[in-house]
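Below is one structure, written out as structure tokens; comments come after it.
Along the sequence shown, the residues carry numbers beginning at 1. In this text, all values refer to a predicted model and were calculated from it rather than measured experimentally.
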Amino acid sequence: MAKRINPRRVKIHRNYDFAEAARRLGVHKNTVRNWARSGDLPVFTDRRPHIVRGADLRAFLEKRQAHARTKCPPNHLYCLRCRAPKLPDNMTADFAPGGYGAGNLRAACSVCGCVMHQRCNFQRLGERFPNVIISIEAPDNPNVDVED
């Protein structure tokens with residue numbers, strides 16, 4: 001599993017060599033070296049020690065993180081096994097209220113059959129999943145309110 005790297009750990013007004021950047025981000029220095037070698041991360045100097053500007057490193061990490069995110073279109077849930085947004089099997093899903101107007105939506109993937117989960121606001125179920133038939137389960141907690 002890939003490690004999530006927090007771009008905000010990098011100070012934009014500082015310069016880093018590969019070892020300092022690696023320590024700051026909690027990765028191996030060869031990882032930073034490979035980012036620079038691929039040409040995606042601009043290096044400030046050609047000779048050793050190789051210097052990376054903090055602003056460039058943070059921009060690289062933010063771009064890399066934004067590219068990895070997948071936005072689900074309407075009627076889709078993200079399937080972890082397929083690693084892509086998929087339609088629910090038979091266009092049906094179950095909603096379990098969890099409090100504060102939100103709950104958990106569960107459905108089987110139409111491709112692999114794996115159970116997909118998504119946290120949803122009860123008020124937005126109709127606009128987010130307009131063509132999915134959603135059955136609402138009774139709440140486990142009697143104090144949880146489900147509005148119609």
inquiry  = One pair to check against side-chain contact (heavy atoms from CB on, under 4.5 Å): Val32 and Leu41. What are the steps and the verdict?
reply    = CA-CA 8 Å; Val32 180; Leu41 178 63; 4.2 Å; yes
Please list, one pair per line, the donor and acceptor atoms closer than 3.5 Å that link side chains of residues 74-86 to other protein atoms, with sequence neighbours excluded.
residue	atom	partner	partner atom	Å
Asn75	OD1	Asn131	N	3.1
His76	ND1	Pro74	O	2.9
Tyr78	OH	Arg83	O	3.4

ring-ring contact (aromatic ring centres under 6.0 Å, His included) filter on Phe129, not counting sequence neighbours, yields none
So the salt bridge (charged side-chain N to carboxylate O under 4.0 Å, His left out) pairs with at least one residue in residues 13-28 (sequence neighbours excluded) are Arg14-Glu20
Students should find that the hydrophobic cluster of Ile51, defined by side-chain heavy atoms under 4.5 Å apart, otherwise consists of Phe44
Hits for salt bridge (charged side-chain N to carboxylate O under 4.0 Å, His left out) against Asp56, two or more places apart or cross-chain, chain-then-number order -> Arg53
So side chain to side chain donor-acceptor pair (under 3.5 Å) across residues 90-99, not counting sequence neighbours, yields Asp94-Ser135
State plainly whether one hydrophobic cluster holds both Val43 and Ile12, where clusters connect Ile, Leu, Val, Met, Phe, Trp and Tyr through side-chain heavy atoms under 4.5 angstrom apart. no
Just list the side-chain donor-acceptor pairs under 3.5 Å for residues 105-120, sequence neighbours left out, or say none.
residue	atom	partner	partner atom	Å
Arg106	NH2	Glu137	OE1	3.2
Arg106	NH2	Glu137	OE2	2.7
Ser110	OG	Leu87	O	3.0
Arg119	NH1	Asn104	OD1	3.4

Quick note, ring pair (Phe, Tyr, Trp, His ring centres under 6.0 Å) partners involving residues 4-32, not counting sequence neighbours, are Phe18-His50
Sorted by chain and number, sequence neighbours left out, side chain to side chain donor-acceptor pair (under 3.5 Å) with Asn30 holds for Arg33
By side chain to side chain donor-acceptor pair (under 3.5 Å), Arg128 pairs with (sequence neighbours left out) none
**Prompt:** So, Gln65 side chain and Ile5 main chain: donor-acceptor pair closer than 3.5 Å or not?
**Reply:** yes
Heavy-atom nearest pair, Pro42 first then Asp40, reads CD-O, 3.5 Å
**Message:** Is any side-chain heavy atom of Trp35 closer than 4.5 Å to one of Leu61?
**Reply:** yes
CZ of Phe95 to CD1 of Ile134, rounded to nearest 0.5 Å, is 8.0 Å
Hits for side-chain contact (heavy atoms from CB on, under 4.5 Å) against Asn34, two or more places apart or cross-chain, chain-then-number order -> Arg37
